[in-house]
Asks: 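Pasting in a structure now, in structure tokens, and then I'll have a few things to ask.
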Amino acid sequence: YPYGLAWDLSGNLIVAEMGNHRLQRLSPEGEPLEVWGTLGKNAGQLKAPWSVAVDTDGHVCVVDSGNNRIVRFRWP
């Protein structure tokens with residue numbers, strides 16, 4: 001269930017995958033680059049991420065709907 005999309009500052013696409021409880025980063029050509037997050041409520045974990053955005057400093061902000069929070073981090 002991809003629910004949210006955002007472009008990072010390098011032109012890669014970040015997809016919020018609600019059903020997989022993670023974010024996935026794809027190259028502009030659609031090649032998978034890496035994933036972030038696993039199911040849970042601790043640091044580095046998500047539950048039903050709904051939407052994603054990238055701020056002007058390059059931080060990723062994700063609406064973690066299952067945990068009733070917004071998570072902000074810098075992708076490694």
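Just so you know, these numbers use all the heavy atoms, side chains as well, and skip hydrogens, waters and symmetry mates. Keep in mind the model is a prediction, meaning the values are calculated, not measured.
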Asks: So, the side chain of R74 versus the backbone of D57: is there a donor-acceptor pair under 3.5 Å, distance only?
Replies: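 Side chain of R74 to backbone of D57, a donor-acceptor pair under 3.5 Å: yes, one is there.
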
Asks: Got a second to check how far N67's CG is from K41's NZ, nearest 0.5 Å?
Replies: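 So the gap between those two atoms works out to 8.0 Å.
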
Asks: Counting N and O atoms only, with roles assigned by atom type, does the side chain of S10 sit under 3.5 Å from a partner on the main chain of N12, one being a donor and the other an acceptor?
Replies: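 No.
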
Asks: Considering non-hydrogen atoms only, spot the tightest contact between P32 and L26 and give its length.
Replies: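 Nearest pair, atom of P32 first, then L26: CA-CD2, 3.5 Å.
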
Asks: Is there a path of hydrophobic side-chain contacts, each under 4.5 Å between heavy atoms of I/L/V/M/F/W/Y residues, joining L46 to V15?
Replies: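 No.
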
Asks: A48 and S65: which non-hydrogen atoms are nearest, and at how many Å?
Replies: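 So the minimum-distance heavy-atom pair works out to O-OG, 2.5 Å.
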
Asks: Work out which heavy atom in C61 is nearest to a heavy atom in R72; give both atom names and the distance.
Replies: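 Closest heavy-atom pair between C61 and R72: SG-CG, 3.8 Å.
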
Asks: Would you say V35 and E17 make side-chain contact, with heavy atoms under 4.5 Å?
Replies: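 Sidechains of E17 and V35: no contact.
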
Asks: Heavy-atom distance under 4.5 Å between the side chains of W7 and I14, does that happen here?
Replies: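 Heavy-atom side-chain distance check fails, nothing below 4.5 Å.
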
Asks: Should V52 and L13 be counted in the same cluster of Ile, Leu, Val, Met, Phe, Trp and Tyr side chains packed under 4.5 Å apart?
Replies: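 V52 and L13: separate clusters.
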
Asks: Mind checking whether V62 and Y1 sit in one hydrophobic cluster, side chains of I, L, V, M, F, W, Y counted as touching below 4.5 Å?
Replies: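 Different clusters: V62 never reaches Y1 through Ile, Leu, Val, Met, Phe, Trp or Tyr contacts under 4.5 Å.
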
Asks: Could you check whether the rings of Y3 and W50 sit parallel, tilted or perpendicular, using 30° and 60° as the cut-offs?
Replies: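 Plane angle between 30° and 60°, so tilted.
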
Asks: Check whether D8 reaches the backbone of V54 with its side chain - one donor and one acceptor, N or O, closer than 3.5 Å.
Replies: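 Pair absent, no side-chain N/O of D8 close to backbone of V54.
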
Asks: In the structure I gave you, are the side-chain heavy atoms of L23 and F73 within less than 4.5 Å of one another anywhere?
Replies: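 SC-SC contact between L23 and F73 confirmed.
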
Asks: Using only atom types and a distance under 3.5 Å, with no angle test, would you say the side chain of S51 pairs donor to acceptor with the backbone of G4?
Replies: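 No: the side chain of S51 does not pair with the backbone of G4.
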
Asks: If we only count heavy atoms from C-beta on, is the D64 to K47 side-chain gap below 4.5 Å?
Replies: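 In contact.
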
Asks: Would a 4.5 Å heavy-atom cut-off, applied to side chains only, mark L39 and Q45 as touching?
Replies: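 No. Closest side-chain heavy atoms not under 4.5 Å.
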
Asks: Between Q24 and W75, which heavy-atom pair has the shortest distance, and what is it?
Replies: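 Looking at all heavy atoms of both residues, the shortest contact is C-CH2, 4.3 Å.
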
Asks: Over all heavy atoms of both residues, which pair between G11 and P28 is shortest? Give the atoms and the distance, please.
Replies: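 Minimum heavy-atom separation between G11 and P28: O-CG, 3.2 Å.
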
